[in-house]
Amino acid sequence: MKKELRFSGSGGQGVITAAVLLGEAAALEGREVCQSQSYGPEARGGAAKAEVILSDETIYHPHVEHPDFVLAMTQKAADKYYKDLSPEGLLLLDEELVPNPPNFSNTRRIPITKLAIEQVGKPLFANIVALGAIVRLTGLVSLDTVKDCVAKRVPPHTVEANEKALRIGYEAAK
Amino acid sequence: MMERSYEKYFREGRLPHIWCPGCGNGLAMKAIVMAIEEKGLPQDETVIVSGIGCSSRASGYMDFDTLHTAHGRAIPFATGIKLANPRLHVIVITGDGDCTAIGGNHFIHGCRRNVDLTVIMFNNEIYGMTGGQGSPTTPLDRLTTTAPYGTSVRPFDACHIAMAAGATYVGRSTAYHVRHLAKLIGEGIDNKGFSFIEAYVQCPTAYGRKNRLGSGADMMKHMRDSAVMLSAWEKLPADKRQGKFPIGCFLKREVEDFNTSYEELVDRAGGVR
Amino acid sequence: MSKARLMQGNEACAEGAIAAGVNFFAGYPITPSTEIAESMAKLLPKKDGTFLQMEDEIASFGAVLGASLAGAKAMDATSGPGFSLKQELIGYGACAEIPCVLVDVQRVGPSTGQPTAPSQGDIMQVRWGTHGDHPVIALSPWSVRETFDLTVRAVNYSERFRTPVILLMDEMVGHLRERVELPESVEVYPRRRPHESRAEGYEPYRPASDGVPDTADFGQGYHIHVTGLIHDGTGFPAGSPTVTRDDIRRLHKKIERVGEEIIHVEESFLEDARFAVVAMGGTARTAYEAVREARKEGIPVGLLRLITVWPFADAALLRLAERVDSILVAELSYGQLVREVDRAVHGKARVELCGKYDMTSLTPAEILANIRKLAGRDA
C-alpha cells in the first residue's frame with residue numbers, strides 16, 4: 001500500500017499543519033511516512049502546499065508524483081494542483097473558497113471554512129475541519145489517533161475547539 | 001620592586017615585542033596586567049582574547065590562555081568562551097580599526113548583550129600594522145596613506161557608541177595616564193557585564209610622522225596636555241574644550257549580565273545547571 | 001509503546017547534536033536551516049547547555065569557536081549565504097584546529113537565490129570556499145534518521161581530528177518529516193586531553209601519534225596561545241618556511257592518513273551493473289527509485305550514494321568506473337558533483353550529468369529517462 005496526498009491552499013490556512021498531523025497519526029499507527037512542503041516567503045497569503053506519502057514499505061523519492069488525494073482550500077490551489085491526480089483519486093474542495101470546481105470526475109465539496117467559522121467560531125480551525133473530513137474520506141488513519149495528535153500539538157486552551165473542528169469535519173464528510 | 005611583580009604575567013620567551021620604538025601599546029598592555037594584579041585574577045582562569053592589528057599582538061606576550069582571533073572577531077570569540085565556561089575571566093584587547101570598523105557590529109551587539117567581558121580598545125587613530133591607513137577614529141583633516149589629501153569623514157567616538165549601545169561600564173584614558181588607565185580597567189573587571197575602556201595610544205611611526213606630531217614622547221606630552229579629567233571637563237566652557245578631550249569613567253550602570261539572565265532562562269525552561 | 005515518531009530532518013540534526021554531547025549552539029536564522037536553531041533553543045537550556053542567537057553569521061561561528069576552545073562541544077547551522085560569510089572563520093577553525101560542527105542546509109543560489117527551494121549547489125563552496133590549503137570533512141545525509149546519525153558522526157570526527165566538520169544537508173532532507181526511531185544512546189568521541197604537564201614540556205600543537213594535537217582547553221592551567229597565524233608546536237606564530245610547510249602538510253596528513261576509513265559510500269544494485277548513477281543527499285532517494293524502475297525494465301544499472309562528500313570518494317569512484325561503462329551524476333545544480341566524479345574516474349567510464357536547478361527536486365521519471373539514454377534505450 002502506498003498513498004500520496006497533497007494539501008494546498010494559501011499561507012496561514014494551516015494546510016502544512018494538517019499534513020503534519022496526518023503524518024504523525026500514520027507514523028504512530030506504524031506506517032512509513034514522508035511529509036514535505038513548499039511555500040513562499042509570506043507567512044500569510046501566498047501559495048502553500050504540503051504533501052504526505054504513506055506506505056507499508058520504505059519510501060525513497062519523498063515528493064508526490066501522482067496524488068491519490070488533493071485538498072484545495074483556494075481557487076488558485078484547485079486550478080493548479082488537481083491536474084496530476086491519479087484517475088481514481090479524490091479531489092476535496094472548500095466549497096465557498098473554490099467557487100469554480102475544476103473538471104475532475106471524483107470531486108467532493110465541503111464548506112470547510114464556513115463550518116469552521118459558524119460552528120467552531122474562527123476560520124483558524126478550517127484546517128482541522130478539513131483534516132476531519134480527510135480522515136473519513138480516505139480511511140487511512142483512525143480518528144482517535146488523529147485526535148491524540150491534535151491534542152498534543154495545539155495550545156492546551158484550544159484542545160476542545162480543535163476536537164470539535166475535527167468532529168465537524170468528520171461528520172460533514174459522511 | 002613593584003614593577004617586578006608584573007613579570008610573571010609576561011611570556012619572557014616571546015619578548016621583545018614587535019611594536020615600534022615610542023609606541024603606546026606596551027603601556028596599555030602594562031596597565032592591563034596592573035589591573036589584573038590589583039584585582040587578583042587567577043592566572044590560570046583568565047583568558048586574553050584579541051583581534052588583528054598592532055594592539056592585538058599583545059595577547060601573545062601575556063602569560064595566560066590567550067587567543068589571537070581573526071580581524072574584528074575578538075568579541076564573538078570571547079562571548080563563546082565566557083558562556084561556555086563562566087568561571088573564566090575574559091579580557092578582550094582590540095584596536096580602533098578592529099573594534100569600530102570590521103568588528104563594529106560585534107562591538108555594538110556585545111554592548112547590548114552585556115556578557116561579562118572587559119574590552120580594552122587601543123586607539124592609535126590609524127591602521128598601524130598595514131602601514132598607516134585611515135581608521136574610523138582618525139580625526140578630520142589628518143594625513144593617512146589612504147587619505148593623502150586629508151581625511152574628510154568625521155571620526156567615531158567609540159565611548160559614545162558603547163554608551164548608546166548598552167555597555168554597563170564605559171571609560172577612557174591614555175597611555176600617558178597609565179595608573180589612571182589601570183584603575184579604569186580594574187573597574188571594568190569589577191563590573192559584572194560588558195565593560196569598554198578606550199585607551200588612547202600613540203603611533204609615532206604610521207600616524208605621528210605623517211602628521212608632524214613628533215616623537216612618541218611628543219605625542220604623549222600632547223595626551224598629557226589635552227586629556228582632561230571628566231569632572232574638570234564638565235566645568236569647562238565650550239570655547240575652552242577646543243582641542244581637548246575628556247578622560248575618566250563616563251558611565252556605570254547596574255544591568256543583569258547575560259550569564260545571570262541565562263541562568264534564569266534555564267530555570268524557566270526547567271533545566272538543570 | 002513504540003518510540004517511533006514523525007520528525008523533521010532539521011529537528012533530527014538537533015537531536016543528534018545533543019546525543020553527541022553538543023552543549024553550545026550559536027546561530028543566526030536563515031531558511032531552510034532555522035528549525036535547527038529553533039530546536040536547539042528549546043532543547044539546550046534543559047540539558048545544561050547554552051543557546052545563543054548572534055548578530056550575524058560571522059559572529060555566531062566566532063562564538064562557536066570560542067566556546068569550543070573553552071571546552072564546549074559546539075555547533076552552528078546555516079544555509080548557503082550564511083556559509084559564505086562564515087568562510088573566514090572556517091579557515092580559522094581549520095588552522096587553529098578547533099573542533100566544531102557547521103551544518104549547511106543548502107538552498108538555491110547564487111546570492112539570496114530561492115530561499116525555500118532545494119539545491120545542492122554548495123558542494124564546491126564547502127570544499128574550496130576558504131582561502132589557502134586545508135582539508136575539509138563534509139557528510140551528507142539522505143534521510144531524517146541518517147541526519148541524526150551523521151550529526152553524531154560529524155561531532156565525533158570534529159573531536160577526533162580537531163577540525164570543523166561540515167554536515168552538508170539539502171532542503172529536501174532538512175524540511176522532510178519522516179517516521180523515525182532514535183537510538184537510546186550513541187558512541188561519543190571525548191575531547192582530547194593533554195598527557196603532559198607544562199613542566200614536562202607540553203606543547204599544545206605538537207601532534208600526537210595520529211597527527212592530531214592534544215590541545216588543552218582554556219582554563220586548564222596550560223596557558224596556551226591560539227592563533228590563526230601559521231604556528232609551530234608551541235602554538236606561537238613562526239615565520240619560517242619549514243614550519244609553514246610542516247604545519248600545512250600536517251593539517252592535510254592528519255585526515256589523509258586514515259584514508260577510506262572516513263569515506264563512506266553506499267552501493268545499491270551494483271553487483272552486475274554496467275551503468276551507475278552517482279548521487280548524494282535527498283537526490284539519492286530519487287535516484288534509488290529511478291534505478292529500481294530501470295531494473296524492472298531490465299537495464300543493468302546501480303546506485304553509488306556518497307555519504308562522505310569530502311574527502312571525495314576517489315577510490316570508490318575509480319573502482320566503480322572500472323566495472324561500469326557509464327556513470328550518470330544526478331544532482332540539484334548546474335553541475336558540480338559531476339566535475340569531481342569526472343576527475344576521479346580517470347577516463348575509465350563515460351560521465352554524464354543529470355542536473356536540475358529550477359526550485360524543484362528531480363523526479364524518478366527524469367532520472368529514469370536519463371538512465372535509458374545512458375543505456376541506449378531511448379524510446
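First the proteins, then the strands, lettered A, B, ... as listed; each starts at 1.
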- prompt: Which is it for B:Phe77 and C:Tyr92 under the ring pair (Phe, Tyr, Trp, His ring centres under 6.0 Å) test, yes or no, and what are the steps along the way?
  reply: CA-CA 11 Å; B:Phe77 276 76; C:Tyr92 188 98; 5.2 Å; yes

Check: B:His106 and C:Asp56 side chains under 4.5 Å, non-hydrogen atoms: yes

message: Working to the nearest 0.5 angstrom, can you tell me the gap between C:Ile58 CD1 and B:Ile102 CD1?
response: 7.5 Å

- request: Give, as side chain, backbone, both or neither, the part of B:Arg268 having an atom under 4.5 angstrom from any heavy atom of chain C.
  value: neither

query: Where along residues 41-49 of chain B does a heavy atom come under 4.5 Å of chain C, listed by residue number?
result: B:Gln43, B:Asp44, B:Val47

query: Taking only heavy atoms into account, what residues of residues 107-114 of chain B are found under 4.5 Å from chain C?
result: B:His109, B:Arg113

- prompt: Under a 4.5 Å heavy-atom cut-off, does chain C meet the side chain of B:Leu88, its backbone, both or neither?
  reply: side chain

task: Identify whether the distance between the nearest side-chain nitrogen and carboxylate oxygen of C:Asp217 and B:Arg87 falls below 4.0 Å.
output: no

task: Heavy-atom pairs under 4.5 Å with chain B are the metric here; pick the option from C:Phe51, C:Tyr222, C:Phe236 that has the most.
output: C:Phe236

- line: Rounded to the nearest 0.5 angstrom, the CG-OG1 distance for B:Leu265 and C:Thr50 is 10.0 Å

Partner chain B: residue of C:Ala63, C:Ala74, C:Pro237 with the largest heavy-atom pair count (under 4.5 Å): C:Ala63

Region of B:Ser50 in contact with chain C, defined by heavy-atom distances below 4.5 Å: neither

- prompt: Picking from B:Gly72, B:Gly103, B:Pro76, B:Ala78, which has the most non-hydrogen pairs under 4.5 angstrom with chain C?
  reply: B:Pro76

message: Strictly distance-based, threshold 3.5 Å: is any side-chain N or O of C:His223 a donor or acceptor partner for the main-chain N or O of B:Asp63?
response: yes

- line: Most contact-rich option vs chain B, by heavy-atom pairs under 4.5 angstrom, among C:Leu229, C:Val64, C:Leu44, C:Asn23, is C:Leu229

- prompt: Ignoring hydrogens and geometry, is there a side-chain-to-backbone donor-acceptor pair from C:Lys46 to B:Ala269 under 3.5 Å?
  reply: yes

